[in-house]
Amino acid sequence: MPSEAEAQRHRWRIEAREYARHERRRGRRFAFTRLVPARTALVVIDMVPFFVSGNPYCRGIVPPIARLADVLRGAGGTVAWVLPAVGERTAVADEFFGPEAAEMYRTSGGTGPMAERLWHDFVVHADDLLVEKSAASAFFPGRCPLPDLLEGRGVDTVLITGTVTNVCCESSARDASTLGLRVILVADANAARGDREHNATLHTVYRSFGDVRPTAEVLGMIETPSGPSAR
């Protein structure tokens, strides 16, 4: 695990007025007050050396992700590791990013066995899912097998973690919500380049797509399981 000298944590926040807005609308701060571990998946986005090694905020989220994975797995839930696929080079990407940057992002997930391409502090277990995505979102139709695999396991709730908060994690949260899944973005288990970008996504997701909760609260939900009918 990263030392304190190597890692940073975002100073995340949701404004009080946003909490108050939802409390007025639905009578409670959070939409999803309970979860069923067996119907819950921890979705870990893009925790590969390309992103983690160069960003102290990414190194800071390694311990909470590992803890969430251990606890959810132990409670009968699913852990899904999502890696960037090496896709075809396109003229549009070259035009948008510039050829050099486009090639860098195209190959950011590395090559070889997927488990070996994850950040080295993570351990993939036999029942975990290990998939690639060829878009920013892990839930965009036709660009990742994850939605079908989760449906096959009866998953109705996803805990979104990983990097970067305001690109692939936010895209995944939006599309998961569109597909009808219960979305919880884990505030201190996502990482961006800085607090401003990170908190902008927390605001957007909490306002329109799902709940935003810290690791400690999500662990409490996992460790206090509810019956299938409790929502």
Side-chain angles (χ1 to χ4, degrees), residues 9-10 12-14 30-33 35-37 39-48 51-52 55 57-58 60-73 77-84 118-119 122 128-133 135-141 143-151 153 155-193 197-222:
R9 297 291 181 89
H10 284 296
W12 71 272
R13 66 189 295 264
I14 299 289
F30 299 109
F32 313 123
T33 58
L35 56 78
V36 181
R39 297 175 64 181
T40 300
L42 175 70
V43 179
V44 185
I45 305 288
D46 292 353
M47 291 297 285
V48 296
F51 292 107
V52 181
N55 186 342
Y57 291 110
C58 291
I61 65 174
V62 170
I65 289 175
R67 176 64 176 156
L68 286 163
D70 286 344
V71 172
L72 182 60
R73 195 186 287 119
T78 293
V79 177
W81 307 95
V82 183
L83 284 70
L118 278 172
W119 184 248
F122 294 122
D128 293 354
L129 298 176
L130 195 57
V131 298
E132 292 180 311
K133 60 178 177 62
S137 169
F139 292 90
F140 192 88
R143 303 298 290 273
C144 182
L146 185 62
D148 290 338
L149 293 171
L150 295 184
E151 183 177 6
R153 294 190 179 197
V155 168
D156 66 3
T157 302
V158 290
L159 313 174
I160 303 293
T161 65
T163 193
V164 291
T165 314
N166 54 312
V167 184
C168 293
C169 299
E170 180 174 342
S171 297
S172 296
R174 286 170 175 259
D175 286 344
S177 175
T178 299
L179 292 177
L181 291 162
R182 304 161 83 233
V183 174
I184 300 174
L185 189 74
V186 187
D188 55 351
N190 283 265
R193 299 299 299 182
E197 303 99 299
H198 183 74
N199 286 327
T201 286
L202 302 193
H203 170 92
T204 297
V205 171
Y206 180 74
R207 188 176 180 88
S208 301
F209 300 105
D211 282 336
V212 174
R213 293 225 192 190
T215 297
E217 291 182 8
V218 175
L219 289 172
M221 296 172 74
I222 297 168

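Residue indices begin at 1 and follow the sequence shown.
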Taking atom [atom1] of [X] and atom [atom2] of [Y], what is their separation to the nearest 0.5 Å?
X: Thr78; Y: Arg39; atom1: OG1; atom2: CZ; result: 12.0 Å
X: Glu170; Y: Thr204; atom1: CD; atom2: OG1; result: 5.0 Å
X: Leu150; Y: Thr40; atom1: CG; atom2: OG1; result: 10.5 Å
X: Leu219; Y: Leu72; atom1: CG; atom2: CG; result: 9.5 Å
X: Ile160; Y: Thr165; atom1: CD1; atom2: OG1; result: 11.5 Å
X: Ser172; Y: Leu185; atom1: OG; atom2: CG; result: 10.0 Å

What's the shortest heavy-atom distance between [X] and [Y], and which atoms?
X: Pro84; Y: Glu132; value: O-OE2, 4.2 Å
X: Phe32; Y: Val183; value: CE1-O, 3.4 Å
X: Gly60; Y: Arg9; value: O-NE, 2.7 Å

Once ring pair (Phe, Tyr, Trp, His ring centres under 6.0 Å) is applied, do any residues pair with [X], and if so which ones, sequence neighbours excluded?
X: Tyr206; answer: Tyr19, His22
X: Phe51; answer: none
X: Tyr57; answer: His10

Check against side-chain contact (heavy atoms from CB on, under 4.5 Å), Leu159 and Arg213: CA-CA 10 Å; Leu159 313 174; Arg213 293 225 192 190; over 6 Å; no
Does the side chain of [Y] come within less than 4.5 Å of [X]'s, by heavy atoms?
X: Cys169; Y: His198; value: no
X: Val186; Y: Pro64; value: no
X: Pro214; Y: Glu217; value: yes
X: Met47; Y: Val62; value: yes
X: Thr157; Y: Val36; value: no

With no hydrogens and no angle check, is any side-chain donor or acceptor of [X] less than 3.5 Å from a backbone partner on [Y]?
X: Thr163; Y: Asp46; value: no
X: Arg182; Y: Asp156; value: no
X: Thr161; Y: Val43; value: yes
X: Asp211; Y: Ile184; value: no

Which residues satisfy the salt bridge (charged side-chain N to carboxylate O under 4.0 Å, His left out) test with Arg153, sequence neighbours excluded? none
Which residues satisfy the salt bridge (charged side-chain N to carboxylate O under 4.0 Å, His left out) test with Asp188, sequence neighbours excluded? none
Who passes side chain to side chain donor-acceptor pair (under 3.5 Å) against Asp175, sequence neighbours left out? Ser137
